[in-house]
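Written out below as structure tokens is the structure these notes cover.
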Amino acid sequence: MKPIYLDHSATTPVRQEVLEAMLPYFSETFGNASSIHRFGQSAKKALEDAREAVAACLGAKAKEIYFTGGGTEGDNLAIKGVAHANRKKGKRLITSQIEHHAVLNSCKFLEGEGYEVTYLPVDRFGIVEPAVLEDAIRPDTTLVTIMLANNETGTIEPLAEIAEITKERGVLLHTDAVQALGKIPVDVEELGVDLLTLSGHKIYAPKGIGALYVRSGSRFDPIIHGGHHEGHRRAGTENVASIVGLAKAVQLATGEIPCVAPRLAALRDRLERGIREKIAHVHLNGPPERRLPNVLNMSFAFIEGESLLLNLDMRGIAVSTGSACTSGTLEPSHVLAAMGVEPSLAQGSLRFSLGRDNTEEEMDFVVESLIEIVQRLRQMSPLYAQEAGGVES
Ligand SMILES: *Cc1c(COP(=O)(O)O)cnc(C)c1O
């Protein structure tokens, strides 16, 4: 059987249509988009067409889109950029405890510069309560940054409700929509956000490319200094090939939601049902309803997620424990911890993240493999013998 990839929240392959759209921009149309001559003008046209396309998919205007070197840079630019540009108004920011490290560590960095950051708690499903957010806003708060969907559990945050609050209080609202894009509708007007980060490699475009939407009129400073690119907000010769690929991927991903999302949800439900029916002592991490269609995060009691992951890998099945960024450390996931998941259960958690090429047969094979692996690992676990009283023959 060919390997089964269930780690699409970590990254995705570049899809054929995206690759084909990009190819001419490596060789034939190689110009520098800042050059005045015809080579430059062809590159410039591709760049601006891509900007139009990305904007249209998000309900934004072309001049509100800034291309970046990926989601991490987009989050850094949004957070540090807004904090720095508005520091005369105040040096206070609000985020949540379950953000991606690109957001959390940008906030930590600003704390080192004397900013104050509030890290909002979440409920047991990982949801930020809008009323708690409202209470945290002070007159000197300049930015609220809350992700649209969580990368470990798929939890979808109530951004539109949060936006009503930030709008009324005159605070800018940024959202990291890296995981949400292409899975649920992402429209900057419907969400009411002022800044929004997206990344190419989570939606079948290359790694190292992304974009930041900034509502016109919102003040933000650059974090990379150099030439006049991207309206003086992001210096560096534009990566035209990747930008063209990103635009193609955004168009495909957002256009395909009506057919892809239900298919992914059905596969995810098949996997979840199989696990629940055939394996005892499992727990869902995240809300049953308000989550992305392609993510399943489950804890298997009495086992280490790492051992599960390695045993699945030996059978050609690729999954993740927590986020790719925390794997390799023995620290339990900060997301599950914030949700109040017991450390021992958090250690036994796996994230399955599905993509467009996964099949029902693959889900069934994963369930069959898990049954065997979980049983074997539990038989070796002293905790299991004690607590579940369940030495299986
Ligand atoms: C992957 C990811 C990022 C980082 O994007 P890169 O393009 O890999 O830098 C940021 N936020 C979330 C939610 C992500 O899943």
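The first residue in the sequence is number 1, and the count goes up from there. We count ligands from 1, going down the list as the structure has it; atoms in each ligand are counted the same way. This structure is a prediction, so every number in the text was calculated from the model and none was measured.
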By side chain to side chain donor-acceptor pair (under 3.5 Å), Glu189 pairs with (sequence neighbours left out) Arg215
Fill in: Phe30/Phe39 aromatic ring centres below 6.0 Å
yes
Quick check for students: name every N or O atom pair between ligand 1 and the protein closer than 3.5 Å, with distances.
| residue | atom | partner | partner atom | Å |
| --- | --- | --- | --- | --- |
| ligand 1 | 7 (O) | Gly71 | N | 2.8 |
| ligand 1 | 7 (O) | Ser199 | OG | 2.7 |
| ligand 1 | 7 (O) | His201 | NE2 | 3.4 |
| ligand 1 | 8 (O) | His201 | NE2 | 2.7 |
| ligand 1 | 9 (O) | Gly71 | N | 3.4 |
| ligand 1 | 9 (O) | Thr72 | N | 2.9 |
| ligand 1 | 9 (O) | Thr72 | OG1 | 2.6 |
| ligand 1 | 11 (N) | Asp176 | OD1 | 3.4 |
| ligand 1 | 11 (N) | Asp176 | OD2 | 2.6 |
| ligand 1 | 15 (O) | Gln179 | NE2 | 2.6 |
| ligand 1 | 15 (O) | Lys202 | NZ | 2.7 |

Any donor-acceptor pair under 3.5 Å linking the side-chain atoms of Thr153 with those of Asn297?
no
Hits for side chain to side chain donor-acceptor pair (under 3.5 Å) against Glu164, two or more places apart or cross-chain, chain-then-number order -> none
ask   = Is there a donor-acceptor contact under 3.5 Å linking the side chains of His201 and Thr12?
value = no
Sorted by chain and number, sequence neighbours left out, ring pair (Phe, Tyr, Trp, His ring centres under 6.0 Å) with His225 holds for none
